[in-house]
Amino acid sequence: MSAPPPSALSSALAADRLGSASVASFALTAAAPLMVIGGVIVAGWANVQVIGFPLGILLIGAALALFTFGYVAMSRHIRNAGAFYSYISQGLGRPAGVAAALSAVLGYNLLQVGLYGIFGAAGSGLLGAMFNVSVEWWVLALVAWLFVTVLGLSRVEINSKLLLVVLVAELAIVLLYDIVFIANPADGGVSFAAFSPDNLFIGGALGAVLTVTVTAFVGFEAPPVFAEESRDSRKTIALASFGGLGVMVFVYALTAWALTVATGPDNIVAQSQEHAAQADLMFVLAGEHLGAFFADAGNVLLVTSAFAAMLSYHNTVARYTFSLAREGVLPRSLARTGARSGAPVGASILQSVIGLAVIVVYAVAQLDPFTHLFFWLGMTGGFGVLLLLAGTSVAVVLYFAKDKRGESLWTRVIAPVLSALFLIWAVQQTVRDYGTMLGTGDDHAARWILPGLYLLVAVIGVIWALVLRGTNPALYAAIGKGVEGGKTEVASAEAPKVGV
């Protein structure tokens with residue numbers, strides 16, 4: 001028995017609720033500076049054992065800037081909460097688009113649930129240090145999960161305001177740390193060794209560095225996901241995308257370099273290995289120069305930034321899932337929105353169920369929350385986003401090759417081609433160095449299983465798209481068209497009779 005077509009309420013997100021700053025807050029808090037440098041980059045130094053992460057940040061930042069020109073141009077012509085999915089559908093074809101959609105849902109889910117690991121581990125360590133209270137990581141993770149679940153069902157502007165408050169506090173203390181670290185170099189002089197190519201292009205670890213670094217930037221691509229909910233989306237999305245990326249590049253490169261100055265470039269790997277499990281290297285160094293108050297404040301903000309990133313990813317995952325369900329690619333029940341909140345209720349609940357299941361499994365299996373949950377799943381989620389970035393760059397070129405749509409040669413050809421070449425090369429390097437990134441070597445099963453998940457869901461996506469083409473041509477034709485395609489499809493076709 002087929003499901004009824006979605007109502008007007010369930011086929012659209014709440015419009016005109018977000019400005020540039022609010023949209024940028026989803027990007028910047030998903031890529032939280034304290035969590036990225038204190039957690040992701042420190043873990044990268046510990047596992048990959050290469051000094052040159054600050055240079056890697058600049059290289060990835062330049063590639064993503066090139067990517068953003070075409071990405072934002074696509075957002076001007078296609079308004080869809082499933083940005084990667086929609087753009088790849090229109091540029092590379094619907095089967096590739098559905099494969100990309102399932103890859104995006106997988107990648108963002110891995111990123112989101114992985115954050116419960118660092119939240120629980122850092123929160124447990126913080127409570128122990130400040131109050132001598134011992135709390136299991138999974139207890140704190142469940143508390144965070146409950147709040148994320150409730151907020152995910154709330155109005156999107158409530159989420160954005162909360163994220164902005166956390167972001168401003170986090171940026172303020174990160175910049176304070178940077179000034180202090182640079183003013184107190186470990187070796188008596190400020191060293192720029194972290195920006196030397198000799199400290200990046202060594203030891204066959206380049207792909208691992210690139211993936212860790214790309215993961216640090218995940219979230220920068222969020223603005224087009226909120227295009228349907230933005231005011232003056234053509235202007236808002238461009239400002240949020242370029243502004244958010246610029247802030248990330250500056251803060252990440254500065255803070256990562258400042259850490260190497262504070263420890264001394266030759267000591268950053270050893271110091272990171274010593275402090276990676278507690279994600280407290282930044283705070284130990286800050287405490288030496290600023291005192292316990294500022295160290296504790298940073299520790300608290302690390303936990304709140306992890307929570308903010310969870311909430312941001314939750315919103316992104318829910319909107320990707322919603323956009324797929326609205327177009328009939330996923331079950332229609334996931335395309336329901338709240339009567340007052342306008343939030344994607346069905347998709348948000350599904351994401352919460354997945355998060356709960358992962359926390360329970362990791363707790364029961366007694367797996368390490370930082371390494372196995374946060375780092376392994378987070379890096380694999382970042383690899384998925386890298387795949388989507390590369391695919392979207394190619395899709396931009398092919399999309400505008402059919403119709404220039406008033407876009408400049410730089411926007412529709414030069415910038416996306418350059419970004420595609422770099423990102424495809426980065427994918428190849430990452431696959432080669434995946435075991436190095438995980439810190440397992442090439443003999444460990446996880447080295448192949450984790451990246452292989454994307455091949456599996458891509459194959460499922462292509463097969464499902466072909467099934468839809470044969471069983472419901474009208475629905476298939478509307479794939480990737482967003483709001484306009486959804487309206488056409490609802491008027492002309494019922495939901496498919498089978499689900500994924």
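What you see is a predicted model; the values in this text were computed from it and never measured. These numbers come from the heavy atoms of this one structure, side chains and all, not from hydrogens, waters or symmetry mates.
Looking at E170, its side chain does come within 3.5 Å of a backbone N or O of L34 through a donor-acceptor pair. The closest donor-acceptor contact from the side chain of T255 to the backbone of Y252 lies at 3.5 Å or more, if one exists at all. Looking only at distances, no side-chain donor or acceptor of Y320 sits under 3.5 Å from a matching main-chain atom of N315. Here the side chain of Y177 pairs a donor or acceptor atom with the backbone of F294 at under 3.5 angstrom. At distances below 3.5 Å, not a single donor-acceptor pair connects side-chain atoms of Q112 with backbone N or O atoms of H314. In this structure a side-chain-to-backbone donor-acceptor pair under 3.5 Å is present from H372 to D368.
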Worked verdict on F69 versus F242 for ring pair (Phe, Tyr, Trp, His ring centres under 6.0 Å): CA-CA 9 Å; F69 282 100; F242 283 105; 5.0 Å; yes
Evaluate the side chain to side chain donor-acceptor pair (under 3.5 Å) criterion for residues S419 and S393: first the C-alpha distance (whole Å), next the side-chain angles of each, then the deciding distance (0.1 Å), finally the verdict. CA-CA 7 Å; S419 68; S393 291; 3.0 Å; yes
Walk me through it: do W145 and W138 pass the test side chain to side chain contact (heavy atoms under 4.5 Å, CB included)? CA-CA 10 Å; W145 171 86; W138 55 267; over 6 Å; no
Working for side chain to side chain donor-acceptor pair (under 3.5 Å), residues D433 and T436: CA-CA 5 Å; D433 298 337; T436 301; 5.0 Å; no
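Applying the 6.0 Å contact sphere to CZ of F250 captures no more than 12 heavy atoms from other residues, nucleotides or ligands.
The aromatic rings of F220 and Y71 lie tilted to each other, with the angle between the two planes from 30° to 60°.
Residues passing the side-chain contact (heavy atoms from CB on, under 4.5 Å) test with V249 are L58, F217, L245, sequence neighbours excluded. Under the salt bridge (charged side-chain N to carboxylate O under 4.0 Å, His left out) criterion, D442 pairs with R447, sequence neighbours left out.
Nearest heavy-atom pair across A144 and F119 is CB-CE2, 3.5 Å.
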Side-chain donor/acceptor pairs under 3.5 Å, residues 373-383, sequence neighbours excluded:
{"from": "W376", "atom 1": "NE1", "to": "L438", "atom 2": "O", "distance (Å)": "3.4"}
{"from": "T380", "atom 1": "OG1", "to": "W376", "atom 2": "O", "distance (Å)": "2.8"}
{"from": "T380", "atom 1": "OG1", "to": "Y434", "atom 2": "OH", "distance (Å)": "2.9"}

